[in-house]
Amino acid sequence: MEYSSKSIEKKWQDFWKQNRSFEPSEDFTKEKKYILSMFPFPSGRLHMGHVRNYTLSDAFARYYRQQNFNVLHPIGFDSFGMPAENAAIKNGSHPKKWTYDNIDYMKNEFYSLGFSFSRERELATSDELYTKFEQSFIIDMYEKGLLYRKKGMLNWCPHDQTVLANEQVVEGCCWRCDTPIVKKDMNQYYFKITQYGDELLNDLKKLEGGWPKQVLTMQENWIGKSNGLAFDLFFDEISLAKLNNSFKGFDVFTTRPDTIYGVSYTALAPEHEIVSYMIENALLSEDVITQIKVMKTTSSIDRQKEKSGVSLGLDVLHPLTGKKVPVWIANFVLMDYGSGAVMAVPAHDDRDFDFAKKYDLPINAVIKPYEDELSADSAFTEVGVLFNSHEFDEMNSKEAQSKIIEHFEAKKIGKKTTNYKLKDWGVSRQRYWGAPIPFVHCDACGLVMEKKENLPIALPEDIEITGEGNPLDNHPTWKHCKCPACGNDAIRETDTMDTFVESSWYFLRFCASPKNWETEAFSQEQIKYWMGVDHYIGGIEHAILHLLYARFFTKVFRDLGYIEFDEPFDKLLTQGMVLKDGAKMSKSKGNTVDPDAIIEKYGADTARLFILFAAPPTQELEWNDSAVEGAYRFIKRFYERSSHVNKTDKIPTIVHAALSKEEKFARKKVYEALVRANDVYTEKYTFNTMIAGVMEAMNALNLQNNSAVWSEGYWILSSIMEPVIPHTCWDISSEKFALKNFSSVKVLDEVFVEDTITLGVSINGKRRTEIEVATDESDENVLKIAKESAAKWLEGQTLLKEIVVPKKLVNFVVKG
RNA sequence: GCGGAUGUGGUGAAAUUGGUAUACACGCCAGACUUAGGAUCUGGUGCCGCAAGGUGUGGAAGUUCGAGUCUUCUCAUCCGCACCA
């Protein structure tokens, strides 16, 4: 048999398609596995990262099919998004055509790699049917108060001309195009993800063990829970008068209530409402107003470079001492965290310290180290002991935190508070290629939900995409509609949804039987059976964005009564990047490898084998052309040596005792590979060692020529390898085993029983020699044999201790 | 700064509870078959050394009969977050 990847792969891909080989069964009494890889954006072509992702999920899916599970392994396309519009601007192609052409191309690539996806459940999130149900969920969420509209300061990308969620701002820049973002005041829709902040944080515990620690930590940090004290600061008489009594004061949040007696100034964010009031009412000098304007318009990156501020000429009263404390504006105070105002304790906070130094503000220390002296050159931020703090003097600063909170609560001047870094998810985008937000603006009724029977609110196709403004807004007719409530003329919302909304529930849609796709998003019964996802596989880059949003939607859907569980993904496998020449593959670096070219030259099985063999899945994978050749050579040998195998439709029975040493060794290696393979899918995901085991077994088989041993070996090995190199294995199996061997094989313990065993002999832990003894030899005899063998090294030494580790080694402890 | 991870041959990487370090593969060297080889097969290959032997898992110390594995410290690299009060 001569190996030809082209003819074999085509043959089996056609066979699988014709036989609907990978469609899940609707028999819900069978045990199930839901294997999901993160679906791709239809960018045009697959890249090696995709190949790695889907090779992994495909291996899981195929393994569990062999184990007789009912397997759901679906694929779709996350097909809304800006690149479709960017392509339109660049090439004049319609976003819809561009998207669906790409999908067609990429689907062909998928199937030419032999991925065992359910073809009948393929979907694209830009399908109108998908939009229909998504809009329906949006309406439900609005009714529940989980979606709201408000005016606020938003992250605006000047290049993409759209708003970004906080999660989409990376180091102050747009996650997609790297343009520095600016703040813009706009009306936006928000999901109330903060309402679930605590649950999203606490439920991370449920994911321990199933999710990588790194991802859990990243989510924990992102949610950023911190406990502390919130209290009001009140203006003194003079300041009240200055402000025309419009404000009594403002509230602040601190995680360091123990430093309360060290407060020497307070600071507001430049965007704070009191500041705005003072500007509007000309209560500040032109010079100060100019300074504030500069602070507000500086990009967040530049704002971090140096601390700056300005005094407002106001004072508040210290809540405990009643002393006057000056109020400043400081550029490091963030409007969107806490209340946008802080109490400043320069003696015990680095930022406050820098600011006080710059503007020559007082520095009042109230905590000192237990051992050392306080330094005047920096803030002391460690745990210490309180002084200058009235009744709290001599108290440990950690302990003082709760005591002082109690004190504030007892006096009813403040209370224990929890703050989160997590903010509500801004979901509206001023772009065309997204799911329209199903609302209508009516002069009489205000913001009105579209009626569910009118869904989907589909996108118009006759649009002009220029890159200037929102194409929906510019469309001559689309936005004009009737108010669903009063029937009068109204204007349709022209914002579309963030594409992360689609990816937040697609895994639920896959559970739905396609025959009901028209009528329902999914059914309780189907969800109950298929969810949660047993193995979710994808890139670490989604650690926060997608995975947090999907968890949020799951909890919302639970509270809306659609589903009955808290977390969607039981096990998460985050794959490493694919590198070439030490760097991530990218077009700009010119170090990409085109999957199609690899398939053309070596075949899909070679690409799959290399990817799984070269590194464990969570690690980075360095592309290596000659190692790819090596993978190809292995497959060729594996295929061609199947000529040693006899045709059979059941696993051969072999009398182990009657075999030669080489034959026994070959069987042992084969069964070792089998044992390894069974661990891989549940615990370790180390496909590389599983494949190494198969290679060892192949090497061992090649040292003997018993055709029954060859046949048994191939029965097992081609089954182990089927998830990795399916085309090759199906071809061997159909030729030799009538496709009967893709099922679990019982491990025979007899092959691991050996007559003799080799033990290492070491002196003081250093290996010197080895001995071969009968497996059941007594320790006493083992020692005797070992001593003879090591006589050379024991001579003239005093033997202090003898250690026998059964089946491993002998160690002599000597002195001399 | 905070958090997470990773350091083992020329390279990608192996190594149950601490128990013969470097499996498997790439590369390299030698040989065989060949008109030829980027095909195939066989053998070799951590480092120093002719050898005996020594040495060796980023570095230092510790626990132990025995440490890649456990403990402490340290160095380097990568990733994520970052003025979050």
Side-chain angles (χ1 to χ4, degrees), chain A residues 170-172 212-222 224-226 228-230 252-256 259 266-267 269 300 303-307 330-334 336-345 348-352 354-355 381 419-423 540-541 543-544 576-577 579 609-610 613-616 618-631 633-634 636-637 640 673 679 686 688-699 702 758-771 800-814:
Chain A
V170 180
E171 285 171 21
K213 210 173 166 179
Q214 189 193 172
V215 175
L216 296 177
T217 313
M218 281 165 78
Q219 292 220 348
E220 190 183 326
N221 291 343
W222 188 264
K225 181 178 184 171
S226 55
L229 170 70
V252 294
F253 172 74
T254 180
T255 55
R256 293 294 307 274
T259 63
T266 65
S300 59
R303 211 164 134 170
Q304 282 183 42
K305 282 181 185 151
E306 202 192 337
K307 295 199 171 31
N331 69 342
F332 67 86
V333 181
L334 307 172
D336 49 10
Y337 183 76
S339 58
V342 297
M343 66 173 219
V345 186
H348 304 296
D349 181 281
D350 293 323
R351 293 156 303 174
D352 298 348
D354 293 346
F355 193 83
T381 56
N419 254 312
Y420 296 91
K421 280 198 257 182
L422 181 70
K423 287 163 207 137
I540 185 81
E541 66 272 21
I544 293 172
M577 280 190 301
L579 309 179
L609 177 63
F610 168 75
F613 181 56
T618 53
Q619 265 175 56
E620 287 175 343
L621 173 77
E622 174 72 34
W623 191 266
N624 178 331
D625 289 325
S626 50
V628 174
E629 294 236 17
R633 286 201 297 268
F634 171 78
K636 196 167 145 66
R637 271 200 306 275
E640 287 169 5
D679 291 345
T686 47
N688 54 332
T689 59
M690 176 185 92
I691 294 163
V694 171
M695 289 173 169
E696 284 178 57
M698 275 295 290
N699 293 343
N702 207 39
T758 306
L759 302 180
V761 179
S762 47
I763 314 289
N764 292 342
K766 178 77 206 167
R767 183 175 171 278
R768 290 297 177 185
T769 180
E770 62 184 33
I771 54 173
L800 298 176
K801 204 168 176 183
E802 298 164 341
I803 291 147
V804 180
V805 183
K807 299 190 175 155
K808 295 276 185 194
L809 53 75
V810 179
N811 187 25
F812 294 113
V813 184
V814 300

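Each chain gets a letter, A, B and so on, in the order its sequence line appears, and its residues count up from 1. We use all heavy atoms of the structure for the numbers below, so side chains are in, but hydrogens, waters and symmetry mates are not.
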Rounded to whole angstroms, how far apart are [atom1] on [X] and [atom2] on [N]?
X        : N     : atom1 : atom2 : value
A/Glu802 : B/G66 : CD    : P     : 16 Å
A/Glu640 : B/C41 : CD    : C1'   : 13 Å
A/Gln219 : B/G4  : CD    : C1'   : 14 Å
A/Leu809 : B/A21 : CG    : P     : 9 Å
A/Lys421 : B/C81 : NZ    : P     : 11 Å
A/Gln619 : B/A13 : CD    : C1'   : 8 Å
A/Met695 : B/A25 : CE    : C1'   : 6 Å
A/Arg637 : B/C26 : CZ    : C1'   : 12 Å

If you check every side-chain atom of [X], which of [options] has the closest atom?
X        : options             : value
A/Trp222 : B/A82, B/A25, B/C84 : B/A82
A/Val805 : B/U55, B/G19, B/U42 : B/G19
A/Glu696 : B/A85, B/G56, B/C24 : B/C24
A/Val333 : B/G4, B/C24, B/A85  : B/A85
A/Thr255 : B/A85, B/G4, B/U55  : B/A85
A/Asn699 : B/G4, B/C24, B/G56  : B/C24
A/Arg767 : B/A21, B/G4, B/U17  : B/A21
A/Phe253 : B/A85, B/A15, B/C26 : B/A85
A/Lys808 : B/A85, B/G19, B/C26 : B/G19
A/Ala692 : B/C81, B/A23, B/C26 : B/A23

Report yes or no: is the cationic atom of A/Lys307 (NZ for Lys, CZ for Arg) under 6.0 Å from the centre of the six-membered ring of A/Phe355, at an angle within 45° of the ring normal?
-> no
Assign [X] to base, sugar-phosphate, or nothing according to its heavy-atom contacts below 4.0 angstrom with the strands shown.
X        : value
A/Pro616 : sugar-phosphate
A/Gln214 : sugar-phosphate
A/Glu629 : nothing
A/Glu620 : sugar-phosphate
A/Phe634 : nothing

Within the structure, does a side-chain N or O atom of [X] lie under 4.0 Å from either OP1 or OP2 of [N]?
X        : N     : result
A/Arg633 : B/C26 : yes
A/Arg351 : B/A82 : no
A/Asn688 : B/A14 : yes
A/Ser226 : B/A85 : yes
A/Asn811 : B/U64 : no

Paired with [N]: which nucleotide, if any, by Watson-Crick or G-U wobble criteria at under 3.5 Å for both distances?
N     : result
B/A5  : B/U77
B/A32 : B/U40
B/U57 : none
B/C70 : B/G62
B/A14 : none
B/G27 : B/U45

So which heavy atom on A/Asp336 is nearest to which on A/Lys423, and how close?
-> O-CE, 3.2 Å
Identify the heavy atoms of A/Ala344 and A/Asp352 that sit nearest to each other, and give their distance.
-> CA-OD2, 3.3 Å
Donor-acceptor pair under 3.5 Å: do we get one between A/Asn221's side chain and the base of B/C81?
-> no
A/Met577 or A/Arg768: which one's nearest nucleotide on RNA chain B is closer to the 5' end?
-> A/Arg768
By nearest nucleotide on RNA chain B, pick out whichever of A/Gln304 and A/Ala614 is the more 5' one.
-> A/Ala614
Expected output: side-chain [X] to main-chain [Y] donor-acceptor under 3.5 Å:
X        : Y        : value
A/Thr686 : A/Asn688 : no
A/Asn764 : A/Lys766 : no
A/Asn419 : A/Ser226 : no

Sticking with atom P, work out how far B/U69 lies from B/G62, rounded to a whole angstrom.
-> 15 Å
Charged N-O contact under 4.0 Å between A/Arg256 and A/Asp349 | no
